[in-house]
Amino acid sequence: MTTATTHTERTVSVRDGAFEIEVREGGEGPPLLYLHNMMAEYGWFPFMERLAENYRVIAPIFPGFRESSGLQYIDDPTDTVVYHNDLLDALGIDSVTLMGHELGGMFAAELAALSPHRVEKLVLIDAYGLWLEEVPCPDYFATPRRTLPTLMWHDHMSEVAQEYNPPTRDPEISIQRTRAQTSGSRFLWQFPDRGLDKRIHRISAPTLIVWGESDGQIPIEYGQAFNALIPGSQLVTIPEAGNLPQIEQVDAFMDAVSGFLA
Amino acid sequence: MKVSMFHLMPYSAMPEEPPHGPDWKTAGIWVDLPNSVYNPQIGNELYNEYLDELEYAEQVGMDGVCVNEHHANMYGTMPSPSIMLASLARRTSKANLIVLGTSIALYNPPVRVAEEMSMIDVISGGRVVCGFPVGTSQDTNWVYGMSPSVFRERYYEAEDLIKKAMETREPFHYNGKYSKLRYVSIWPRPAQEPRPPIWVPGGGSIETWDWTIEKDHVYAALSYGGYKRAQQTLNGYWSRVREHGADETPYRAAYMQLTLVSDSAEQAKKEYQEGVEFFYQKLLGSTGRYFPEAPGYRTEASIRAGFERSLALAQESAPQAGRKAPQGAGPSWDQLVEEGNIVAGNPDEVAEKLREIATSLRVGHVLPLLQIGNMRRETTMKNIKMFGEEVLPQIHDVWDDEGWEDRWSPRPLAQRAQPATIGG
């Protein structure tokens, strides 16, 4: 799954060292910023490799996940937008193609809404950020860890699913996963809603919404809601994919994204 | 040694079949327990019975009575401990009124807690002990919806603000992260000067030990795991006390113990087995499948320590009990006696064991839990009576020979008003 030769890993210092951010980077071309999900898996996945054929793909780890520091400076959506502005400054990039998945999708939507000048195109993949009273999405944190894969994947027994986040007995990995859950809880605890619906109309970048048709974690109705709320957006649904279409159905995902980005 | 009766006020009319799951272990008795299960007719009896029991504890000579806070929970039905304490303030006259405790991170603004504690302190003539726990994960994270990533920070800020509000005699401003109050000047102020003592109920985390020592609060080990497991916790605590160079007065530590007194060990089993097993097998059986400890409830340092110490500590506090829900029926009376979860026997046996425990754990405050599970009035009253009349006189002097001053018991007003005869 990981082809280490094609990407680099480094630490980027943001806002005079307030944040020390783990960053993976690969490929050449216009910058594409990828914002990760709750799992914050550090692999360099095939979809990233494919994107890296045409883009300089930059995948930072959000503060409070893995070894990235500085979560104490981020309390709310506004702070995430300020942080991502500072991160882009630190990377020396004016504007990007922005892609965010799940929790990262929520951050991407916030950035695109409040700092439209920094976002050329937006891709949201099975994103958090909204709450639909008529279709309550499952409580991510109250879902037993053993049940979660059945919501996340179309086929949780498939090889990609099994390899993605394997069980561990390593205390350090276990602590790292708990840290990710804890940090993510700041934005998703009980409801994945921190008021994005009041800001989402400000998104002006061309937007593609990609959604796995079998997503049990954030049901397809949420994709439809994003599509209804973002001016001029388009929704592409991916068959036989759950919450991670970019992992579970790479070809279909790339087909959807390539046309939009071209 | 000071001895204060602890009460959980459980709801004990549990139906055989849970309404929302195949069995109680799966369904759980916390967080999403449907209140259709709760029968107010029985609740009316229970609350009054339980308050009667605590009032009787004063009469038999206990130094204090303890209440606590839980939410959406069957084993503890006191979402507001202040209400219980307020009620007790009127029908007792000298017992310490100890709340163990108020989950201060949950109150917004937290000065509400300072106000309530001060009110009860004034009503009771200065008999209040404030208890400020972090709160269980079920209560704070799940029921009161506080993200695990912020609630510890809120807790520290709330403690700081509440303490300051009770101690300060001039209006002040508090520009905190979670509380922004331009004008703080609580009315009434507490009767005790500068404020009631503060006790901190805790599990076994090093951070809590260090913090209570630095703040000079009492560390209260509240566990259903019994004295054998508590030994490890208290050993850890006292080694931190020495590390900090603080004095080793036993009064800086408190310990709760499930205690059952009768005419003989056999008789105790006969009378109390049902209640005790109901408590351990049913009420503590489970937090349910869906509401374990939230990720981030424990700090990473505690998780690391936990990996090392693993099992013993994991069993020590109530919220964790459900994570390792016992298979099958759960622990029996004999197992619970054997493992030190409960102390049971005739008055001499119980007194001897409690002296041994208090000395070994080095605790100046022992908090016997005397109503357990579905024990009802007559059974509990007998336990309280025998404890008060025959055990208490044998254990009160435990620390007298060391001559420590107890800096953490209330200092009541010398002159205290009493409720008048109605209409008089």
Side-chain angles (χ1 to χ4, degrees), chain A residues 37-40 62-80 103 106 128 131 136 138-148 150-151 165 168-195, chain B residues 20-21 25-28 30-33 71-72 105-106 134 137-154 156-157 176-180 286-310 314 320 322-323 325:
Chain A
N37 63 10
M38 282 290 290
M39 300 279 182
F62 194 77
F65 290 78
R66 296 187 59 91
E67 300 305 323
S68 288
S69 66
L71 186 65
Q72 68 269 33
Y73 304 110
I74 300 180
D75 293 316
D76 54 30
T78 311
D79 292 338
T80 71
L103 174 64
M106 181 184 196
Y128 274 131
W131 173 256
D139 183 343
Y140 180 88
F141 301 92
T143 304
R145 295 300 97 177
R146 265 173 291 177
T147 310
L148 194 58
T150 65
L151 301 180
N165 194 31
T168 180
R169 287 181 176 277
D170 181 342
E172 285 310 313
I173 293 177
S174 178
I175 285 168
Q176 205 168 70
R177 287 180 182 173
T178 302
R179 186 186 307 150
Q181 303 270 305
T182 308
S183 300
S185 81
R186 191 164 292 206
F187 308 97
L188 302 179
W189 188 251
Q190 303 210 336
F191 301 91
D193 170 14
R194 296 296 183 270
Chain B
H20 63 321
K25 279 197 169 56
T26 309
W30 211 339
V31 182
D32 65 345
L33 176 65
H71 299 270
L106 304 180
V134 171
S137 184
Q138 286 74 22
D139 291 323
T140 57
N141 304 135
W142 297 113
V143 181
Y144 266 42
M146 197 161 284
S147 153
S149 83
V150 300
F151 87 100
R152 220 164 263 277
E153 203 174 68
R154 289 186 83 115
Y156 289 128
E157 185 177 301
K177 180 169 173 183
Y178 299 102
S179 290
K180 294 197 178 287
S286 182
T287 54
R289 189 193 302 176
Y290 302 106
F291 303 103
E293 187 180 281
Y297 173 74
R298 279 194 270 184
T299 62
E300 286 188 18
S302 287
I303 295 171
R304 280 208 167 79
F307 274 117
E308 289 151 22
R309 287 175 290 175
S310 73
Q320 281 98 52
R323 298 189 315 127

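Reminder, nothing fancy here: chain letters follow the sequence lines and each chain counts from 1.
In this structure, the portion of A/S174 lying under 4.5 Å from any heavy atom of chain B is its side chain and not its backbone.
Closest approach of B/F291 and A/A142 over heavy atoms only: CE2-CB, 4.0 Å.
Listed by sequence position, A/T178, A/R179, A/Q181, A/T182, A/S185, A/R186, A/W189, A/Q190 are the residues of residues 176-191 of chain A in contact with chain B, using a 4.5 angstrom heavy-atom cutoff. For residues 68-80 of chain A, the interface with chain B (any heavy-atom pair closer than 4.5 Å) comprises A/Q72, A/D75, sorted by residue number.
Per-residue counts of heavy-atom pairs under 4.5 Å with chain A were compared for B/P148, B/G296, B/A294; the largest is that of B/P148.
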